[in-house]
Amino acid sequence: MLQVHSIETLGTNDGPGIRMVVFMQGCNFRCLYCHNPDTRPTKGGKEMSSEDILELLEKQRPYFKNTGGLTISGGEALLQRKALIDLFTKAKKAGFNTTLDSNGSILDEDAKKLLEVTDLVLLDVKHIDPVWHMTVTKASNETTLQFAKYLEEKGIPMWLRYVLVPGYTNQKEFLEKWGAHFQNYKNIKRVEILPFHTFGFYKYKELGIENPLEDCPVPTKEEVQEAVDIFKKYFKSVYVR
Ligand code: SF4
């Protein structure tokens, strides 16, 4: 059984084409800028089987056309990798594109099995510097970088994602390092910059938890452009979302 936080239909932000996006309950990171803090606790959510999700997917099949399909997001989807192997295997068999949106923090045998039935990974590499990564997410980036390398070795397509937060992730030297680290990866189909935003702030209030970035400004147009310009030195396709 899968613990599902929520489901978005006709999503256009998390992978190619039109998609059904399933947000899983539970996350092992504690990103300062998290806009879904309600997905983080491992308890809660709604129990759903692969069949429940496939039934919903089937209803949306006409919208997917050639590019759309199923995206599993979070929280952190890898926490439920065992159950997701079953879902992705069945979804692929039924002809749906399978996309995994992940922080890449787990790379065990089950995670590798899941990747065998994954068409595309949206990989968040939240900081290239280990110390800053720890500050921003309260977790190490070591496995995430190994995860990216593994995807490259296996030729599994990925979109790299980067949340741009003034004062935390927009240091020029580290944006350059991030780009240089990945520039020769052949499996990167695009790079997406996600400017930090405040849309999820109300959730912190609702949950009664402290919002560590309450006073953090959103990036200016110039700051976003600066990041785009740096990444464009290393990658052909750079998008701002
Ligand atoms: S990985 Fe995603 S869900 Fe988890 S804390 Fe970070 S932003 Fe929130």
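Read the numbers this way: they start at 1 and go in the same order the structure lists the ligands and their atoms. Computed over heavy atoms, backbone and side chain alike; hydrogens, waters and symmetry mates excluded.
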E76 to ligand 1, any heavy atom closer than 4.0 Å: no

Is it possible for you to say whether F96 and V21 belong to one hydrophobic cluster, with membership spreading through side-chain heavy-atom contacts below 4.5 Å? no

With no hydrogens and no angle check, is any side-chain donor or acceptor of K232 less than 3.5 Å from a backbone partner on V238? no

At less than 2.8 Å, would any N/O/S atom of C34, backbone or side chain, sit next to atom 8 (Fe) of ligand 1? yes

Reference residue H133; test ring pair (Phe, Tyr, Trp, His ring centres under 6.0 Å); the match among Y168, W178, F174, F29: F29

Which of the numbered atoms in ligand 1 are below 4.0 angstrom from a heavy atom of R40? 5 (S)

Check: of S73, C31, G75, min heavy-atom distance to atom 3 (S) of ligand 1 comes from G75

Answer yes if I53 and I85 sit in the same cluster of Ile, Leu, Val, Met, Phe, Trp and Tyr residues linked by side chain heavy atoms under 4.5 Å apart, and no otherwise. yes

Yes or no on side-chain contact (heavy atoms from CB on, under 4.5 Å) for L194 and L164, after CA distance, side-chain angles and deciding distance? CA-CA 6 Å; L194 284 55; L164 192 72; over 6 Å; no

Check if K126 has a non-hydrogen atom at a distance under 4.0 Å from any atom of ligand 1. yes

Which protein heavy atom lies closest to atom 4 (Fe) of ligand 1, and at what distance to 0.1 Å? C27 SG, 2.3 Å

